[in-house]
Amino acid sequence: LVETVGEHEYSVFRLNVVIEGSLPQLLNFVKKLENGEFNTLLVESLSVTTEKQPSKEEAAGTIPVTASLDLAIYARSTTSD
């Protein structure tokens, strides 16, 4: 798939990733994606589900969550336009 952004065309690779863990682990994972090596990696959509709500005795960070992330990676051709 090729998309035009501004005056340039980019090849786009999209994928869906499902991850499981605690909410702090999920937030850390997404932060690393957004601030990682690939500047053109975008989280287009993120949905989080949990099996149950934490009780007063449970910390929110201990409840397992499942997240579905729609990612897009844009790559610009190295050939001249």
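Just so it is clear, the structure is predicted and the values come from calculations on it, not from any experiment.
For Glu44, the salt bridge (Lys or Arg N to Asp or Glu O under 4.0 Å) partners are Arg14, not counting sequence neighbours.
Screening Leu26, Asn28, Leu27 for a side-chain contact (heavy atoms from CB on, under 4.5 Å) involving Val30 leaves a single residue, Leu26.
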- Task: Could you walk me through whether Thr66 and Ile19 pass side chain to side chain contact (heavy atoms under 4.5 Å, CB included), step by step?
- Result: CA-CA 6 Å; Thr66 301; Ile19 59 173; over 6 Å; no
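Expressed to the nearest 0.5 Å, how far CG of Asn39 lies from OH of Tyr74 amounts to 14.5 Å. We find the CZ-CD1 distance between Phe38 and Ile73 to be 7.0 Å, quoted to the nearest 0.5 Å. Atom OG1 in Thr50 sits 6.0 Å away from atom CD1 in Ile63 (nearest 0.5 Å). To the nearest 0.5 angstrom, Thr40 atom OG1 is 12.5 Å from Phe13 atom CZ. Residue Leu46 holds its CG atom at 8.0 Å from OG of Ser68, rounded to the nearest 0.5 Å.
By the criterion of side-chain heavy atoms lying less than 4.5 angstrom apart, applied directly or through intervening Ile, Leu, Val, Met, Phe, Trp or Tyr residues, Phe29 is grouped together with Leu23 in one hydrophobic cluster.
Under the 4.5 Å side-chain criterion, counting only non-hydrogen atoms from C-beta, Val17 is in contact with Leu71. Looking only at side-chain heavy atoms (C-beta outward), Tyr10 and Val2 stay at 4.5 Å or farther from each other. In this structure, Leu15 and Leu69 have side chains that are not in contact, with every pair of non-hydrogen atoms separated by 4.5 Å or more.
By the neighbour-count criterion of 12 heavy atoms within 6.0 Å, atom CG of Asn35 is densely surrounded, having more than that number from other residues, nucleotides or ligands.
Among residue pairs with one or both ends in residues 24-36, none qualify as salt bridge (Lys or Arg N to Asp or Glu O under 4.0 Å); sequence neighbours excluded.
The shortest non-hydrogen separation linking Ala72 to Val12 is CB-CG1, 4.2 Å.
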